[in-house]
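One structure is given here, and the rest of the page talks about it.
Each residue takes its place number in the sequence, starting with 1.
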Amino acid sequence: MTSVQELMRPQVAPIADREQVSVIVKAVVRAAQHWDLSGQEGAALFDVPQATWDRMKQDAFKGRLDRDKVTRASLIIGIFKGLRLLFNGPLTTEWPTLANKGAPYNGRRPVDMMIAGGIPAMAAVRQHIDALRGGL
């Protein structure tokens with residue numbers, strides 16, 4: 001069984017290659033758009049200032065991605081993929097923004113939990129999705 005600590009283990013290096021950064025940023029932005037997140041929610045989930053998020057949405061981001069951002073991107077993409085494998089229909093994209101009565105959400109939306117809890121909460125959501133799929 002994969003633990004939250006294993007998902008959080010720094011297995012990724014910062015990325016400076018412009019092509020790789022562009023691909024990763026596009027994937028994160030597309031996931032946020034599919035989940036119908038506001039610009040403020042997308043920026044908070046990826047832990048960047050609103051102006052940086054706006055550049056990312058316009059494919060005008062020219063920076064590098066540190067370990068934190070690469071980890072966040074990996075978790076966001078993993079959650080997105082896991083939801084696509086788990087659900088069919090609207091829940092595929094709506095699940096992150098729907099209030100969830102089950103643990104660990106306790107009435108909160110998964111995206112709010114991830115924003116508030118950062119990488120540990122994102123890893124917990126990813127683990128939850130993988131467990132629902134029977135992947136753990």
Heavy-atom check, side chain of Met113 versus side chain of Val125, under 4.5 Å: yes

For Arg67 against Pro14, the heavy-atom pair lying closest together: CG-CD, 3.8 Å

Gap between atom CG of Asp112 and atom CG of Asn100 - 0.5 Å precision: 11.5 Å

Electrostatic pair Glu41-Arg109, nearest N-O below 4.0 angstrom: yes

All N/O donor-acceptor pairs, side-chain side in residues 46-55, below 3.5 Å, sequence neighbours left out:
from  : atom 1 : to    : atom 2 : distance (Å)
Gln50 : OE1    : Gln40 : N      : 3.4
Gln50 : NE2    : Asp54 : OD1    : 3.0
Thr52 : OG1    : Arg55 : NH2    : 3.2

Closest heavy-atom pair and its distance - Ala31, Ile76: CB-CG2, 3.8 Å

Residues in side chain to side chain contact (heavy atoms under 4.5 Å, CB included) contact with Arg84, at least two apart in sequence or another chain: Phe80, Thr92

Pairwise side-chain contact, Trp35 with Val111, heavy-atom cut-off 4.5 Å (strictly under): no

Geometric class of the Tyr105/Trp95 ring pair [parallel <30°, tilted 30-60°, perpendicular >60°]: perpendicular

Asn88, CG: over 12 other non-hydrogen atoms inside 6.0 angstrom: no

Min side-chain heavy-atom separation Arg72-Ile119 under 4.5 Å: yes

Ile79 with Leu85, same ILVMFWY side-chain cluster at under 4.5 Å: no

Over all atoms of both residues, closest heavy-atom pair of Pro110 and Leu98: CD-O, 3.1 Å

Close side-chain approach of Leu83 and Thr93, heavy atoms under 4.5 Å: no

Shortest non-hydrogen separation from Val28 to Ala73 and the atoms involved: CG2-CB, 3.6 Å

Smallest separation among heavy atoms of Ala27 and Ile77, with atom names: CB-CD1, 3.7 Å

Side chain to side chain contact (heavy atoms under 4.5 Å, CB included) involving Asp59 - partner list, sequence neighbours excluded: Ser22, Lys26

Side chains of Thr97 and Asp36 in contact at under 4.5 Å (non-hydrogen atoms): no

Nearest-0.5 Å distance, CE of residue Met114 to CZ of residue Arg108: 11.0 Å

4.5 Å side-chain heavy-atom contact, Val25 and Lys69: no

